[in-house]
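Notes follow once the structure below has been shown.
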Number of protein chains: 2
Amino acid sequence: MSQHVSCNECSLSPVCLPLAVAPAQLDQLDNIIHRGRPLKRGEHLFRASDNFEAVYAVRSGAIKTYVLSDQGDEQVTGFYLPGEVLGMDGISTAHHVSNAKALETATVCEIPFAQLENLSQKIPSLQHHFFSLMSNEIRADRELHMLLSKKNADDRVASLLLSLSARHQRRGLSSRVFRLPMSRYDIANYLGLAVETVSRIFTRFQQNGWLRAEGREVEILDRGKLCGHDPALEDSL
Amino acid sequence: MSQHVSCNECSLSPVCLPLAVAPAQLDQLDNIIHRGRPLKRGEHLFRASDNFEAVYAVRSGAIKTYVLSDQGDEQVTGFYLPGEVLGMDGISTAHHVSNAKALETATVCEIPFAQLENLSQKIPSLQHHFFSLMSNEIRADRELHMLLSKKNADDRVASLLLSLSARHQRRGLSSRVFRLPMSRYDIANYLGLAVETVSRIFTRFQQNGWLRAEGREVEILDRGKLCGHDPALEDSL
DNA sequence: CGGGCAGTTGAAAGTTGTCAATAGTAGTGG
DNA sequence: CCACTACTATTGACAACTTTCAACTGCCCG
């Protein structure tokens with residue numbers, strides 16, 4: 001497997017950073033990007049104590065980010081799929097504040113932030129796109145805030161399933177059948193629930209005929225009913 | 001009251017956008033800022049349907065942001081005090097996704113975003129500061145995520161009180177005695193609790209001798225014990 | 001001065017968490 | 001290649017925290 005897929009040849013370019021850069025300038029972006037060796041399941045991309053040097057775009061696999069409280073318990077703060085950018089929470093502090101860990105074998109593009117800032121000075125559309133990315137992150141957090149604050153356990157699980165489905169579709173994959181890259185524990189942790197609760201909800205969704213799940217393989221059988229659990233999502237697909 | 005306090009003369013400049021701009025260039029920032037008439041309590045600064053034109057720095061008073069679900073119920077997503085910048089969630093969509101409403105009489109500086117982007121092309125430190133601001137917002141959302149996901153009602157209320165306290169101190173005001181700009185309803189909504197729960201917790205904190213509260217006036221009597229409720233905050237002040 | 005909203009308090013109900021036990025799965029190493 | 005082990009997932013019973021419903025007080029603004 002070549003580790004030197006340029007942005008030009010990367011199938012993710014329509015959904016990744018290159019979408020903000022004119023073809024003529026794509027080389028400039030391409031030149032600052034480092035493509036590292038694949039991460040194995042469980043390996044860290046960065047840790048909370050590391051200096052903040054770069055942001056990362058997922059090329060394959062999946063990454064989870066999490067923070068540790070002082071008591072040492074973990075809070076999963078996000079799941080990142082191919083084409084998505086992570087690591088932006090470190091900009092203001094010069095060191096990362098969260099940890100990033102591969103949920104499965106994953107490859108990432110490393111984008112040194114200082115150079116990205118320089119390039120953003122020259123390419124306004126890149127600057128704007130990066131503002132947009134961060135703005136999207138904030139917006140997603142607002143929705144998560146509502147999810148955690150107002151929605152019951154069923155709605156939370158349904159919402160995550162539909163979010164993953166939509167993000168698969170964005171990459172041209174099936175929005176109906178896909179594989180969850182994360183464990184039930186990670187799902188529970190992310191959604192502020194107990195694992196047992198998540199497990200029971202998966203069972204109930206299947207009993208209702210809304211979902212088929214075998215381990216991490218899921219098939220969405222009745223999107224409407226899953227949305228119905230959270231009508232706010234009715235139109236999202 | 002003059003509505004034309006330049007950044008030069010503004011007491012908030014050490015904690016607001018100007019902190020990222022060299023004195024020699026401050027005029028350039030100052031020139032793009034609009035200082036509107038004060039907002040009365042309950043007035044909107046912007047609404048979710050509005051076009052996204054600008055971000056806003058609070059000069060006095062307090063603003064809350066909120067989103068409405070499709071069922072029409074409100075989720076308070078943030079409280080903004082003097083020196084804090086809001087409205088950045090609209091960058092990616094060209095229209096605002098949240099609403100911003102004055103909790104009390106408030107004045108704000110309006111910073112047209114297109115011009116801010118242009119200026120950021122010329123002043124690298126301004127671009128960086130703006131990235132930092134958004135990064136901070138994301139980081140705060142991560143902490144809120146943990147709060148809503150893992151902490152009980154007591155910890156959530158304590159955490160909000162201590163956050164407000166720290167933000168007062170940042171402006172050189174008392175971190176011990178201050179006035180809450182928001183209602184118990186807003187606090188409850190923001191923290192994902194029922195008003196009754198918040199009210200009971202205020203009562204209990206007072207019975208424990210940790211807090212004095214008369215309406216919206218609060219005095220923190222035992223910061224340690226409030227932190228103790230959420231040891232993650234022990235060192236924040 | 002009055003009405004409506006903000007705030008407080010009590011009792012009951014419900015959703016979710018905790019504890020415990022069991023089954024299934026995947027990675028490891030012989 | 002298979003067995004072992006540790007982790008992931010599921011299910012049930014019970015407990016706990018928080019919500020909901022209801023009533024009441026007080027205050028602010030019109």
Side-chain angles (χ1 to χ4, degrees), chain A residues 40-43 62 64 73-76 101-105 147-161 179-208 211-218 229-230, chain B residues 40-43 64 73-76 101-105 146-161 179-208 211-218 229-230:
Chain A
K40 282 201 281 277
R41 198 165 108 88
E43 267 189 287
K64 80 167 177 186
D73 46 30
E74 178 176 322
Q75 173 65 55
V76 175
K101 190 180 193 176
L103 289 167
E104 55 194 21
T105 304
L147 203 67
L148 296 177
S149 165
K150 292 241 187 320
K151 304 293 185 178
N152 63 24
D154 288 37
D155 289 346
R156 295 188 202 179
V157 173
S159 175
L160 178 62
L161 289 171
R179 182 181 169 76
L180 302 172
M182 72 293 282
S183 69
R184 302 283 194 272
Y185 283 83
D186 285 331
I187 293 174
N189 188 307
Y190 177 72
L191 295 175
L193 300 170
V195 199
E196 293 91 332
T197 305
V198 172
S199 187
R200 279 185 252 269
I201 289 170
F202 268 79
T203 303
R204 187 147 13 97
F205 281 176
Q206 290 184 82
Q207 286 166 349
N208 295 350
L211 188 75
R212 200 178 54 73
E214 287 174 36
R216 296 187 176 186
E217 298 291 338
V218 298
H229 251 286
D230 184 355
Chain B
K40 282 200 283 276
R41 199 164 106 89
E43 265 188 286
K64 79 167 178 187
D73 45 31
E74 179 176 322
Q75 174 64 57
V76 175
K101 192 180 190 175
L103 288 167
E104 54 194 22
T105 304
M146 161 122 31
L147 203 68
L148 296 177
S149 166
K150 293 239 187 319
K151 304 293 186 179
N152 63 23
D154 288 36
D155 289 346
R156 296 187 202 179
V157 173
S159 175
L160 178 61
L161 288 171
R179 181 183 168 75
L180 301 172
M182 73 293 281
S183 69
R184 302 285 193 272
Y185 283 85
D186 285 331
I187 292 174
N189 187 308
Y190 177 72
L191 295 175
L193 300 170
V195 199
E196 293 91 333
T197 305
V198 171
S199 185
R200 278 185 254 269
I201 290 170
F202 268 79
T203 302
R204 189 151 7 101
F205 281 176
Q206 290 184 83
Q207 286 166 349
N208 294 349
L211 188 75
R212 200 178 53 74
E214 287 175 36
R216 299 187 175 185
E217 298 292 337
V218 298
H229 252 286
D230 183 355

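Within every chain, numbering begins at 1; the chains are lettered A, B, ... in the order of the sequence lines, protein sequences first and strands thereafter. Values below: all heavy atoms of this structure, side chains included; hydrogens, waters and symmetry mates excluded.
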Pairs: protein N or O with nucleotides 23-30 of chain D N or O, under 3.5 Å:
none

- Test side-chain hydrogen bond (donor to acceptor under 3.5 Å, both in side chains) applied to A/Glu196 - qualifying residues, sequence neighbours left out: none

- By side-chain hydrogen bond (donor to acceptor under 3.5 Å, both in side chains), A/Glu214 pairs with (sequence neighbours left out) A/Arg212

How would you list, by chain and number, every residue that makes a side chain to side chain contact (heavy atoms under 4.5 Å, CB included) with [X], sequence neighbours excluded?
X: B/Ala153; answer: B/Leu193, B/Thr197, B/Ile201
X: A/Ser199; answer: none
X: A/Gln75; answer: A/Val67, A/Thr77, A/Asn189, B/His145, B/Met146, B/Ser149, B/Lys150

- Query: Where do B/Lys40 and B/Ala102 come nearest, in terms of heavy atoms and distance?
  - Reply: O-CB, 3.5 Å

- Item | Which residues share a salt bridge (Lys or Arg N to Asp or Glu O under 4.0 Å) with A/Glu217, sequence neighbours left out | A/Arg179

- Query: With A/Glu74, which residues qualify under salt bridge (Lys or Arg N to Asp or Glu O under 4.0 Å), at least two apart?
  - Reply: A/Lys64

- Message: Please give me every residue in residues 190-197 of chain A whose heavy atoms get under 4.0 Å of an atom in DNA chain C, ordered by residue number.
- Response: A/Gly192, A/Leu193, A/Ala194, A/Glu196, A/Thr197

- Do any of residues 179-187 of chain A sit with a heavy atom less than 4.0 Å from DNA chain C, and if so which? none

- On DNA chain C, reading 5' to 3', which nucleotide is the first and which the last to sit with an atom under 4.0 Å from a heavy atom of chain A, could you check? C/dT16 to C/dA20

- Task: Describe, as an angle rounded to 10 degrees, how the axis at the first end of the helix from C/dC1-D/dG30 to C/dG30-D/dC1 is tilted relative to the axis at the last end, five pairs per end.
- Result: 60°

